[in-house]
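Notes for the one structure printed next.
Source: prediction; values computed, not measured.
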Amino acid sequence: MTEHSPFDTNTTNVFLMYEVPPQVMYEDETDRETCVWCPTVGPLVDLGFGDFHACEPCRAARLTFLYTYILWASHTEDCTRPLCECDLGRCLAATHLQAALAMGRDVSCRRCCASHRPEAFRPVQWVSAMNYRTHLAYEHVGPCQPRRSI
């Protein structure tokens, strides 16, 4: 029996698309002794593509973030309940939001920029017109609340 690598082709592509900082991807030379996401110097894990390496806490946090996002997004696309108001949808959302917040990720609505009511978010993906990169994001389910003026 062969052991399945956590960095199979699909995971590698997802990491490359969403998590490797663009400035690192285009550098001629990468520092093999420093994590691509933090200043940690060794021991590092090979990310399975190019000369990209990461410390285990960064790798694990990003794998958890991506994995929970993909599970949640897949479920919201297939869910038969209106607005994905089911126990599994709420559980997947909570698990992902916990992983995002643990990484210090901004969890805010792409439309209104508000971070309140994350339990009312749904996962969305959008492509930037500036760099043609796909971004993982969140939007409120239903209308956003109006912004308060000062």
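- Residue-environment remark: CD (Gln98) stays at or below the threshold of 12 foreign heavy atoms within 6.0 Å.
- Val124 and Val141 end up in different hydrophobic clusters when Ile, Leu, Val, Met, Phe, Trp and Tyr side chains are linked at under 4.5 Å.
- The CZ atom of Arg81 sits 7.5 Å away from the CG atom of Asp87 when rounded to the nearest 0.5 Å.
- Considering every non-hydrogen atom in both Tyr69 and Ala137, the closest pair reads OH-O, 2.9 Å.
- Summarising the geometry of Thr95 relative to Thr68, their closest heavy-atom pair is CG2-CG2, 3.8 Å, with the distance given to 0.1 Å.
- Closest of all the heavy-atom pairs between Cys86 and His75 is SG-NE2, 3.1 Å.
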Run the side-chain contact (heavy atoms from CB on, under 4.5 Å) check on His140 and Phe121 step by step: do they pass? CA-CA 4 Å; His140 281 109; Phe121 285 165; 3.1 Å; yes
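- At a threshold of 4.5 Å between side-chain heavy atoms, the hydrophobic network of Ile, Leu, Val, Met, Phe, Trp and Tyr places Val107 and Trp126 in two separate groups.
- Contact check for Arg122 versus Cys84: no side-chain heavy atoms found under the 4.5 Å cut-off.
- Here the CH2-CZ distance, from Trp37 to Arg62, works out to 5.5 Å after rounding to the nearest 0.5 Å.
- Looking at heavy atoms from C-beta onward, Leu136 lies out of side-chain contact with Pro123 at the 4.5 angstrom threshold.
- Atom CD1 of Ile70 sits about 8.0 Å away from atom CD of Gln125, to the nearest 0.5 Å.
- Smallest separation of non-hydrogen atoms from Leu44 and Cys55: CD2-N, 3.6 Å.
- Of the inter-residue distances, the one linking Cys144 atom SG with Arg110 atom CZ reads 10.5 Å to the nearest 0.5 angstrom.
- Both Trp72 and Met103 are members of a single hydrophobic cluster when ILVMFWY side chains are connected at heavy-atom separations under 4.5 Å.
- A pairwise comparison of heavy atoms in Val45 and Arg59 identifies CG1-CD, 3.8 Å as the closest pair.
- In summary, the aromatic rings of His96 and Tyr138 are positioned with their centroids under 6.0 Å apart.
- Annotation for Cys35 and Ala54: closest pair SG-CA, 3.7 Å, computed over non-hydrogen atoms.
- Counting only distance, with no hydrogens or angles, the side chain of Thr76 and the backbone of Ala73 share a donor-acceptor pair below 3.5 Å.
- Put simply, Leu88 and Tyr67 are part of the same group of oily side chains (I, L, V, M, F, W, Y) that touch within less than 4.5 Å, one to the next.
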